[in-house]
Engineer: 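Got a structure here, written out as structure tokens. Questions coming.
Residue numbering restarts at 1 for every chain, and letters A, B, ... go by the order of the sequence lines.
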There are 2 protein chains.
Amino acid sequence: MFSERQQQIVEIAIKLIADKGIQNLTTKNIAFKIGISEPALYRHFSSKLEILKAVIAYFQIKMQPALEKLKESLISLNKIESFMLEHLKIINLNPDFAKVIFSEANFQNEENLILKMNNMMNQSHKILETIVHSGQKKDEIRTDINSLSIVRMIIGSMRLLVTQWSMSGMIFNLETEGRQLSDDIKKLIVAK
Amino acid sequence: MFSERQQQIVEIAIKLIADKGIQNLTTKNIAFKIGISEPALYRHFSSKLEILKAVIAYFQIKMQPALEKLKESLISLNKIESFMLEHLKIINLNPDFAKVIFSEANFQNEENLILKMNNMMNQSHKILETIVHSGQKKDEIRTDINSLSIVRMIIGSMRLLVTQWSMSGMIFNLETEGRQLSDDIKKLIVAK
DNA sequence: ATTATCTTTGTTAGTGTTCACTAACGTGGT
DNA sequence: ACCACGTTAGTGAACACTAACAAAGATAAT
């Protein structure tokens, strides 16, 4: 789908955004970091907007494995644990993602982009919602708590954890803290 | 502290950011919305950066009452409920806040701004942390759960709720959903 | 095998537009 | 006379993007 040069452009675009925000993402900066001229960029992407679309597609591809792993487990609580830890593992391996992925507001100027980003997020949310729901039906998860609240707590705390990790300069171990959080959530929502 | 004109500028700046993102915040747009010329802005703020600093200060002032109300209650769970609902009440009354306040990444280009924003957030987090901690000491809150996890779940789910509300075009009632979330969290963390 | 042609990927130089901001000046109230 | 608060006109810098040209490798006809 993406040529080597296109991948390189996307990766550098992510790095530039992660480094100094979306305002740092200029065609000039991308070209300079690669070591080619600005017009050469336009041999690989027809516009800057296309580069941003590719950034989002790149996230989607990289995050996919986290959703695949869930299928291996049958118990709801294990699926939830897997959901959290697999996502965090990928983000840990691609620290630049953290700075970009949860700042949807950055793309606010372009209707198309924010829609694509939302779709990507909603996909994850829907999957987690299904897991929680069936966990309650199978009496593995407390039924006296609104399932939407549980989903919001899981996703919300995960996102906050990633944001804090990213803001702190990655000062703590994301996967260790993620496991602590996941263990605590499991303890809270398990059916008694 | 702020003159009437300065307040007007700040409020319009927030509206512009909420509407189409930080890239929509230009001196030209601010001036046009007020109905004065661009150079007239510079009679009230020495630069665009000063306007952004004032935006953050404005948030801080407007959010303060949410932290005051907590003192009225003695029981930890009620304090947590109050923390959540009072914050949501203010955001509900100032819907533009929602779009701006949780997009710290927007200010990433200016070291000073992101620091100010972080300080503001950390202040709230610290207060909630203290409440949870003392709630555990008084045996009002489960002690088998890491207090940091509880704080992350509360703040994380709140922020996600606000983001979802804002992204959905304020399609649901923020305070109603907030009460549901707060009730569920209370049920989960209460000591047995 | 040599030559001609096309495609891919780069270059330099420059476009118009928008940005934050300034110089110089006007005017009405104290 | 002064000062707070406007105005019009214009600054250089940065932006995304384009026109025109160059060079190297693959393809294909001779």
Engineer: Considering just the side-chain nitrogens and oxygens of B:H44, establish if one lies under 4.0 Å of OP1 or OP2 belonging to D:dA4.
Structural biologist: no
Engineer: Rounded to the nearest Å, what distance is computed from the CZ atom of residue B:F45 to the P atom of nucleotide C:dT22?
Structural biologist: 16 Å
Engineer: Can you give the donor-acceptor pairs under 3.5 Å from side chains of residues 33-45 of chain B to other protein atoms, not counting sequence neighbours?
Structural biologist:
{"residue": "B:E38", "atom": "OE2", "partner": "B:T27", "partner atom": "OG1", "Å": "2.7"}

Engineer: Looking at residues 5-14 of chain B, who's got a heavy atom less than 4.0 Å off DNA chain D?
Structural biologist: B:R5
Engineer: Atom pairs under 3.5 Å, N or O on each side, protein against nucleotides 28-30 of chain C: can you list them with distances?
Structural biologist:
none

Engineer: Quantified as the angle between the terminal helix axes (five pairs each), what is the overall bend of the helix from C:dA1-D:dT30 to C:dT30-D:dA1 to 10 degrees?
Structural biologist: 10°
Engineer: To the nearest angstrom, how far is A:N29 atom CG from D:dA16 atom C1'?
Structural biologist: 13 Å
Engineer: Just distance, no hydrogens or angles: give the donor-acceptor pairs under 3.5 Å from side chains in residues 79-88 of chain B, sequence neighbours left out.
Structural biologist:
{"residue": "B:E81", "atom": "OE1", "partner": "B:K186", "partner atom": "NZ", "Å": "3.2"}
{"residue": "B:E81", "atom": "OE2", "partner": "B:K186", "partner atom": "NZ", "Å": "3.4"}
{"residue": "B:H87", "atom": "ND1", "partner": "B:F83", "partner atom": "O", "Å": "2.8"}

Engineer: From CD of B:Q23 over to C1' of C:dA20, roughly how many Å is that when rounded to an integer?
Structural biologist: 15 Å
Engineer: Can any side-chain N or O of A:D139 pair as donor or acceptor with the backbone N or O of A:A191 at less than 3.5 Å?
Structural biologist: no
Engineer: Could you run down nucleotides 11-18 of chain C 5' to 3' and tag each one B, S or - for protein heavy-atom contact under 4.0 Å?
Structural biologist: BBB-----
Engineer: With a 4.0 Å cut-off on N to O distance, would you call B:E50 and B:K53 a salt bridge?
Structural biologist: yes
Engineer: By the 4.0 Å heavy-atom rule, please label B:L25 as base, sugar-phosphate, or nothing.
Structural biologist: sugar-phosphate
